[in-house]
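Below, read A as the first sequence line, B as the second, and so on, with proteins coming before strands; counting in each chain starts at 1.
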Amino acid sequence: MTILAGTVEPRLLRGLRDYFAADMHARQWIIDTIRGVYERYGYVPLGTPALEYLDILRGTAGEESEKQLFEVKGPDEERLGLRFDQTVPLARVVAQYPDLPRPFRRYQVSPAWRCDNPYEKRGRFREFIQFDIDAVGVESAVADVEMITAMCDTMQALNVGRFRVRVSSRRVLNLLLTYAGIAHDRAHDVFRVLDKLDKLGHEKVRLELTIGYKDESGSPIPGLGFSSAQVDRIDQFLALRAASREEALAQVRDLFKEVEGAAAEIELLARMSQQLHTLGYGDDVVAYDLTIARGLDYYTGTVFETLLLDLPDFGSVCGGGRYDDLVMRFLGERVPAVGTSVGVDRLLVALEQLGRLPSRKCTAQVLVTVFDDVPIDEYLAMAYELRRAGVPTEFYLGTERRFGKQVRYGDHYGVPVLVVCGADERARGEVQLKDMSVGRKRTAQVADRSQWKSERPGQFNVPRAELVAAIQKLLAEIAAGG
RNA sequence: GCCGGUGUAGCUCAGUUGGAUAGAGCGCUUGACUGUGGAUCAAGAGGUCCCCGGUUCGACCCCGGGCGCCGGCACCA
């Protein structure tokens with residue numbers, strides 16, 4: 001692009017994007033659909049500011065994540081940051097307003113910011129909308145079940161196709177550490193490597209747990225230095241394959257039969273699975289995959305994530321878990337909580353790739369076109385009659401007087417119906433309606449221009465006095481006929 | 001942060017062992033058609049060949065440095 005001297009080059013920050021009409025309509029549809037599900041579960045909305053004090057955001061989710069904070073300087077030099085999720089602000093709110101009756105169950109949809117490496121093909125951006133539900137002050141695992149079913153219901157409502165919610169438990173993974181004789185303060189390191197199982201496979205995970213290896217580019221991946229006896233025990237766990245939740249639990253129950261406290265943890269998951277079955281959430285939509293840890297440091301119990309089976313490499317489109325100690329940071333008191341988060345912009349990219357989004361570029365149902373030989377006030381009258389009757393109507397405001405250009409304009413934005421009234425129609429006290437979809441279908445078949453012009457597909461005249469009624473009838477037909 | 005690739009028109013890309021005025025397709029604009037979307041035909045606009053420095057009679061091309069973008073890895077709330 002040529003940049004003129006004295007002008008500023010229009011450009012976008014890395015990892016951010018502009019959303020035009022089709023994307024905005026699709027995104028709004030996703031948000032409305034999720035909200036519908038969440039409100040059926042009785043969650044109430046909460047809004048919090050994009051900015052928080054830096055010390056609120058810091059140290060909640062691991063040291064590494066601090067690099068991902070967008071920092072902001074306040075007017076009095078306060079150190080601020082843009083929120084990177086909605087869970088930490090929620091913990092702040094719960095701690096700040098102790099009178100809130102518990103359980104506090106809220107939903108929140110808003111943007112968050114993370115300064116990590118963007119990967120737009122898989123829907124990873126530096127600014128993105130998340131849609132969360134959380135239940136704070138809840139000990140019962142019924143809340144965990146509710147999160148999982150809400151995810152399933154959300155995926156179904158969004159028409160994502162085949163999906164699977166994978167459920168795991170940090171407490172079971174802690175049992176694994178005990179079983180393998182690994183100190184629990186190494187949990188973060190071990191879980192990080194286990195989470196890569198899907199991507200790297202068994203062999204590399206084993207190497208990374210022990211001596212490390214060199215990846216394809218030759219970069220050294222340091223090993224964690226565990227003994228082969230320890231890693232053998234982890235391997236036993238990783239090798240488990242089950243066709244159902246019950247089978248997965250049976251295998252772990254057997255493997256951990258000597259581990260103290262294992263029976264109780266596994267019983268908890270068994271109870272959840274039973275409830276899920278009773279409610280109609282079978283092994284096809286909810287699977288227990290106990291190797292999943294998820295990256296967040298603040299998770300303490302159940303964790304889960306959702307994959308789209310038609311986009312196996314896309315990554316998870318929503319995830320969450322239990323974080324019983326997060327509020328403690330602000331309140332000094334343990335407040336158990338569980339929540340889950342849908343990545344709205346990720347889903348937008350995924351559904352786009354799957355071709356599961358309707359594309360809508362306009363809001364108008366009708367475009368009133370104009371000719372020079374008819375007084376403009378007559379066109380205005382038509383447009384306002386339609387608007388007052390509740391029909392979304394665009395009045396052609398451009399300078400292009402030639403009719404062909406106006407049709408092209410309407411075609412470009414996908415307006416379904418044009419109102420046409422030149423001197424001929426006016427003289428007869430009529431207006432012409434043009435159903436754009438008819439011409440769009442004809443266009444593939446017509447080769448000759450004069451035929452194309454004379455055919456005027458999808459056009460018919462109605463008395464001027466019946467404009468509104470005729471439009472409403474035509475729009476109803478189009479809506480019914482598809 | 002590390003490794004690799006790449007940077008030429010709005011987009012996708014060709015090009016020159018270093019030589020005069022840098023090309024194609026698509027898109028865009030205009031006309032054929034002052035009242036009809038598509039197709040066709042014709043014409044037109046659009047370039048700091050990423051930036052800075054060096055070598056050279058001469059650099060879009062070669063050399064050095066920088067930056068951007070794309071992959072992979074690391075990291076990931």
**Q.** 5' priority, RNA chain B, between A:Arg124 and A:Gly422 [closest heavy atom]
**A.**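 Going by which nucleotide is closer to the 5' end, it is A:Gly422.
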Looking only at side-chain atoms of [X], point me to the closest of [options].
X	options	answer
A:Lys196	B:A74, B:G31, B:U36	B:A74
A:Gln459	B:C75, B:U36, B:G35	B:U36
A:His188	B:C76, B:G35, B:A74	B:C76
A:Arg122	B:U29, B:G72, B:G35	B:G72
A:Tyr119	B:G37, B:U36, B:G72	B:G72
A:Arg14	B:U29, B:U34, B:C70	B:C70

Q: Using a heavy-atom cut-off of under 4.0 Å over every strand shown, decide if A:Arg456 touches base, sugar-phosphate, or nothing.
A: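 The answer is base, as A:Arg456 lies within the cut-off (heavy atoms under 4.0 Å) of a base atom.
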Q) With a 4.0 Å cut-off on heavy atoms, is A:Ala423 in touch with a base, just the backbone sugar-phosphate, or nothing at all? A) base
**Q.** Phosphate-side-chain proximity, A:Arg402 and B:G31, N/O vs OP1/OP2 below 4.0 Å
**A.** yes
Q) Any side-chain N or O of A:Lys204 under 4.0 Å from OP1/OP2 of B:C73? A)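 Answer is no, no contact under 4.0 Å.
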(Q) Using modelled atom types and a 3.5 Å cut-off, is there a donor and acceptor pairing between side-chain atoms of A:Arg322 and backbone atoms of A:Pro336? (A) no
Q: State the pairing partner of B:U48; accept Watson-Crick or G-U wobble contacts with both distances under 3.5 Å, and report none otherwise.
A: none
Q) Watson-Crick or G-U wobble partner for B:C62, using a 3.5 Å limit on both distances? A)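 B:C62 is paired with B:G54.
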Q.
Could you tell me how far apart A:Leu207 (CG) and B:C73 (C1') are, to the nearest whole angstrom?
A. 16 Å
Q. Can you find a heavy atom in the side chain of A:Glu71 that is under 4.5 Å from one in the side chain of A:Lys73?
A.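 With C-beta onward as the side chain, the pair stays apart.
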